[in-house]
Structures are given as structure tokens and as C-alpha cells.
Amino acid sequence: MPAAPRSGRYSVFAIAREALRQHTGWTRAWADPAPRDRYKVIVVGAGGHGLATAYYLGRNFGITDVAVIEKGWLGGGNTGRNTTIIRSNYLQDPSAAIYEKARSLYETLSQDLNYNIMFSPRGLIMLAQTEHEIRGYRRTVHANTLQGVQTEWLDPQQLKAKVPIINLDGPRYPVLGGLYQARGGTARHDAVAWGYARACSDMGMHIIQNCEVTGVRTEGGQVRGVTTSKGEIGCDKLAIVVAGHSSQLAEMAGFRLPIESVALQALVSEPIKPCMDVVVMANTVHGYLSQSDKGEMVIGGGTDGFNNFTQRGSWQHVEETVRALIETFPMLSRLKMLRQWGGIVDMTGDRSPILSTTPVGGIFVNCGWGTGGFKAIPGSGWAMAELVAKGTPGPLAEGFGLNRFREGRFIDESVAAGVAH
């Protein structure tokens, strides 16, 4: 587990002080308490979204009687199994608002949490490789302008200047232009979870790992608590923030969610010298690419074509994704794969999230982020905390309620989501 100085604050002075005393003063970054019998709020899921929800409950609303319960280890789900892309260039107004809130919070998150999340606003490009994509991305640029999200259209020559390794004249899909967001980028996924966890623990919240929820207790249509592998724990309010396992938790509580779970796979190459300093998404060929600080080429594609809960990769998916990308980035053909993994993502029909009250009083759900969850963590936590604290959604969450599926008010991001990152 990461460690923190006795002062409770990281700084250059703390590093110097600990160096002089052989680093004997470092303590755990977050506590490992036994669960109490009852909390005001229980958040199920110690990933980025769950921890951010707890953090903003404390920071924005002063609610610190909170337990964050995790089946496995902190950040061991999708938070630690993604490709760390951050962007907010979405088409629909509700989507742009919550993703832009998240992106803006990312910019100062290291300072807010006193934990280096390694945010890198290196810029993000979404390639247009068909005439249809040109029209779609130009429309998104205009929509983003109205939304206050800074994006612009680049022609092929401007793209080549930013990404010298790109092949503009692919045999199937030439590069015709691209949607560029200069303030998009990446961050260190583990550090985001660790930073939020440390801040939550400092506020007195309990982070309880290796504690599986096996049942949800209700009475008279109101939540009363949860049954876990560490015993019964009561609560006034319950926030379900468990991504691909949201359906199972909802079933325990007695209602259903309109989501399906599928695996999303990614891989990284062997480390090489710096060759690309932006994130590039090629949605037509279904792939995206960036280079990590260690020099690895981080590669991802689309979701599996069938429902499953695996967290392993498959060779056929690697072949499909890499085969597509090497047309646009020929240098990839000479690299060796270093490692591969999968994550369980929760997909809604309109490819937009759910932040909502539920048919059970006191239970709130945050799910359906699909393959775009990491970029949304701060904005998601901000909106979910307001929903849990007040009992009704605020401006960021009000469009993402469960009732939209009954009323036909879809927030269709199947195109803007692309691969759907």
C-alpha cells in the first residue's frame, strides 16, 4: 500500500525530512479499519467513481460518516484496467457538461488531493477516415463551441505535424482530418484511486477492502443496510457504484437495470523511445493509441461482441485491433506485445451513464459509463455526491435518470463515444 508522512501531507520538505531519518516516518496512506455496525452512507465499490463519490460527499456536503466497501482490493476493477484517456468532446449537452466538469477537475486534482495523479494534458485527436466522420466531427466542433468545450478541426497536414508516425494514405481508410481537443490527455489510473482513498481516509471515512456484499436489506421500500462477508452493516443511504456488476447489486435490492456487461480489452507494447505525444483515436478501424511515460504504446479497441465478465484478454481481439491500427501506424508492426488485460464495462442502450434514484428509497445508482468511465471519475463523483446528499439530482445528473428509458429521453452518444472512449 502507498505511504504518507506522519505530517499527513506530501511535499518536497517531507521527502527531505524522511531522507534524513532513513524513511522511518512514512505511514499508510489510508487506514484499514474493521467495519462498524452502521454508517450514514455506504458506497459499494472502491474504484474511482465510488471513492470520488465519498470524497465529494465529505468535501462538498460535510458528510464523513461513510464506508466505502470493496469486494476485492481498492482500484482493482476498471479503474486499474483502462487506458487512462481523458476528454470531454461529446455531442449531447448533458454529456459535454459532466465530462467537461470531470476534465476541469482533473486539471487541479493533484493539488486538491495532495497526491500526484500524473495528469498530462497532451491533447487528443479523433481521426476522421470517412466522409461521414468528417460531417460528424465538424458537427461536434460546432456543438462543443456552444457548450463552452474547446475543440477544433484539423486538416491532414496539421495532423501529420502533430503525429509524425501517422500514415495519412492508408490502403483502406485514408486520414481526412480530425477532431482535436488540446486539453484532453491522460492521467495515472492507480494514482487517481489512491489519491481519493487517502483523502477519504483523512476525513475519517472507512475504506473496507475484501468485503463482498452478498445482500441488500430493505424494509417497507426503504434501504436498511447490506449483508457482507464481514457481517451486517446498517446505513441510511446506499450508493451502488460497481460498474459491470451493477445488475447483480440491483437484483439484490429488488429492481432491474437496463445495462449489459461486456469485456473491453487493451494491451501495451514493449517500451520504445518517445514517438507520439498526443492521444489518437481511430474509430473507423476501431482502435486508439497513446504512449505512456515508460515508453509503452498503449493500445485499445472495441468491446467484445457478447456479454461476459472476464478480465482476461483474447488473442483474436489483439489481432483484430492491431491489424486495424497498423494501417494508420505502420511502426506498430515491429513491436512486441508486453502485456494484455480486460475490464468489465457496463453498457446502456444509448451509451450514456445512469446517475439516479431507484425504486428503493435511499438507494442510488451510478453505472452505465461503458468504456468511458475513467475520464468521468471526478465529474461523476461530484454529481453522485450531490444526488446522495440531497436525494434529488443536481444539474449535472438530472438528465441521466433511470426514467429516461421509460420516457424515451435518450442521450444518444453511440457516435460521439466512438469506440466509446
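Along the sequence shown, the residues carry numbers beginning at 1. What you see is a predicted model; the values in this text were computed from it and never measured.
Considering all non-hydrogen atoms of both residues, Gly372 and Tyr99 come closest at O-CE2, 3.7 Å.
Side-chain atoms of Thr214 come within 3.5 Å of backbone N or O of Thr227 as a donor-acceptor pair. Using a distance-only test at 3.5 Å, with no hydrogens or angles considered, a donor-acceptor pair links the side chain of Glu270 to the main chain of Lys336. Listed for the Arg404 side chain is a donor-acceptor partner under 3.5 Å among the backbone atoms of Phe400.
Listed by chain and residue number, nothing satisfies the salt bridge (Lys or Arg N to Asp or Glu O under 4.0 Å) test with Arg406 (two or more places apart in sequence, or in another chain). With sequence neighbours left out, the salt bridge (Lys or Arg N to Asp or Glu O under 4.0 Å) criterion links Glu100 to Arg103. Remark: Thr151 engages Asn89, Val141, Asn144, Val149, Leu179, Gln181 in a side-chain contact (heavy atoms from CB on, under 4.5 Å) (not counting sequence neighbours). With sequence neighbours excluded, no residue satisfies ring-ring contact (aromatic ring centres under 6.0 Å, His included) with Phe61. Listed by chain and residue number, Val242, Leu257, Ile259, Asp346, Cys367 satisfy the side-chain contact (heavy atoms from CB on, under 4.5 Å) test with Ser246 (two or more places apart in sequence, or in another chain).
Glu327 and Asn167 share no side-chain donor-acceptor pair at under 3.5 Å. With 3.5 Å as the limit, one finds a donor-acceptor pair spanning the side chains of Gln265 and Asp304. A donor-acceptor contact closer than 3.5 angstrom is absent between the side chains of Ser11 and Arg9. For Asp112 and Tyr55, the side-chain atoms include no donor-acceptor pair closer than 3.5 Å.
Applying the side chain to side chain donor-acceptor pair (under 3.5 Å) test to every pair with at least one member in residues 56-65, sequence neighbours left out, gives these pairs: Arg36-Asp65, Tyr56-Tyr196.
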Please test Leu396 against Glu386 for side chain to side chain contact (heavy atoms under 4.5 Å, CB included), starting from the C-alpha separation and ending with a verdict. CA-CA 9 Å; Leu396 287 177; Glu386 183 175 15; 5.7 Å; no

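Note on ring orientation: taking the six-membered ring where Trp is involved, the planes of Phe119 and Tyr106 are parallel (angle under 30°, cut-offs 30° and 60°).
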